[in-house]
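Below is one structure, written out as structure tokens; comments come after it.
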Amino acid sequence: MKTKHVKKVFDIFATKVVETAKGILNATGKNTSGNLKDSLGYHLQVKDGKVDLRFLGAPYASVVDEGIRGSKSSAKAPKSPFKFSGSKQTVNIGAIDKWVVRKGLKGARDEKGKFISRKSLVGAIARKIYIFGIKPSNFFTDAVNQGLKGLPRKFAQAYAMDSAAFIRTVTKEM
């Protein structure tokens, strides 16, 4: 059975999810370098009545979406499957340093007015992330939930159209 209508519905759904996720990333300020946004996409294959839809993204996309629990506190992301444990080296210092540069954060001053270098600032941010974690952005989860709202009805209509076309083809061959 040909499933061109079902494929079209899932194609529209996946495109909408990806575009919504990109918009949420921009709106929440989670798109500093643009790499995560640029990595988002999907792969759709409809064959023999089976739908294979996979969303694509950078390896860290799920961590940005679901957050990460800290080593000492899970308050920021209590439901996240990710957690810092072991050494503090699990925090990506290089990525934090690049983020600090992109955000334009120069060295700062502490409460006594003493200058703190960028390297020390990066270390302090990494330590705080390691202990307290990262709050989830839900950029992808929210995009999927928005996309799912009309999908069941549209899918049923598309499946009915594909089935009707199949029945017309089979009855012509009889």
Side-chain angles (χ1 to χ4, degrees), residues 6-7 9-105 118-156 158-159:
V6 170
K7 185 176 187 321
V9 166
F10 276 99
D11 193 40
I12 292 169
F13 165 73
T15 301
K16 181 179 177 183
V17 167
V18 169
E19 292 305 314
T20 303
K22 288 178 179 183
I24 293 171
L25 277 175
N26 285 334
T28 58
K30 296 284 185 181
N31 193 33
T32 305
S33 71
N35 293 337
L36 180 56
K37 183 182 97 168
D38 293 342
S39 74
L40 296 178
Y42 68 93
H43 170 76
L44 174 63
Q45 184 175 0
V46 180
K47 190 174 182 181
D48 299 329
K50 297 178 184 177
V51 177
D52 180 20
L53 174 60
R54 298 178 195 183
F55 288 100
L56 311 171
Y60 57 90
S62 56
V63 172
V64 174
D65 184 54
E66 299 179 59
I68 188 165
R69 294 178 287 147
S71 64
K72 305 262 190 252
S73 172
S74 296
K76 284 191 175 182
K79 297 178 182 176
S80 175
F82 308 107
K83 179 180 170 130
F84 285 116
S85 62
S87 73
K88 292 177 187 165
Q89 294 176 350
T90 56
V91 178
N92 189 342
I93 299 288
I96 294 171
D97 189 43
K98 289 177 184 176
W99 178 83
V100 165
V101 170
R102 269 190 236 102
K103 287 290 187 177
L105 301 174
R118 187 176 90 209
K119 185 177 179 179
S120 296
L121 180 64
V122 168
I125 291 170
R127 183 174 184 272
K128 187 168 181 178
I129 289 172
Y130 178 77
I131 292 171
F132 297 107
I134 299 171
K135 185 179 174 184
S137 68
N138 293 320
F139 78 94
F140 192 74
T141 304
D142 291 347
V144 169
N145 288 337
Q146 286 179 25
L148 285 174
K149 287 181 183 171
L151 185 64
R153 183 180 45 78
K154 291 176 185 174
F155 174 73
Y159 189 77

What heavy-atom pair brings [X] and [Y] nearest, and what distance separates the two atoms?
{"X": "K7", "Y": "L44", "result": "O-CD2, 3.6 Å"}
{"X": "Q146", "Y": "K16", "result": "O-NZ, 4.2 Å"}
{"X": "G29", "Y": "K103", "result": "O-NZ, 4.3 Å"}
{"X": "L40", "Y": "G57", "result": "CD2-CA, 4.2 Å"}
{"X": "K83", "Y": "I68", "result": "N-CG1, 3.8 Å"}
{"X": "P81", "Y": "R69", "result": "O-NH2, 4.1 Å"}

Taking C-beta and beyond as the side chain, do [X] and [Y] meet within less than 4.5 Å on heavy atoms?
{"X": "N92", "Y": "I96", "result": "no"}
{"X": "Y42", "Y": "D11", "result": "yes"}
{"X": "L36", "Y": "F139", "result": "yes"}
{"X": "T32", "Y": "K98", "result": "no"}

If we ignore hydrogens and angles and just use 3.5 Å, is the side chain of D97 paired with the main-chain N or O of I93 as donor and acceptor?
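No, the answer is negative, given that no donor and acceptor are paired below the 3.5 Å cut-off.
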Without swapping roles, check the side chain of S39 against the backbone of A58 for a donor-acceptor pair under 3.5 Å.
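Checked: pair present.
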When the ring planes of F84 and Y130 are compared, do they come out parallel, tilted or perpendicular, using 30° and 60° as the limits?
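The arrangement is tilted - the two ring planes meet at 30° to 60°.
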Audit row: L53, F13, side chain to side chain contact (heavy atoms under 4.5 Å, CB included) steps and yes/no
CA-CA 10 Å; L53 174 60; F13 165 73; 3.8 Å; yes
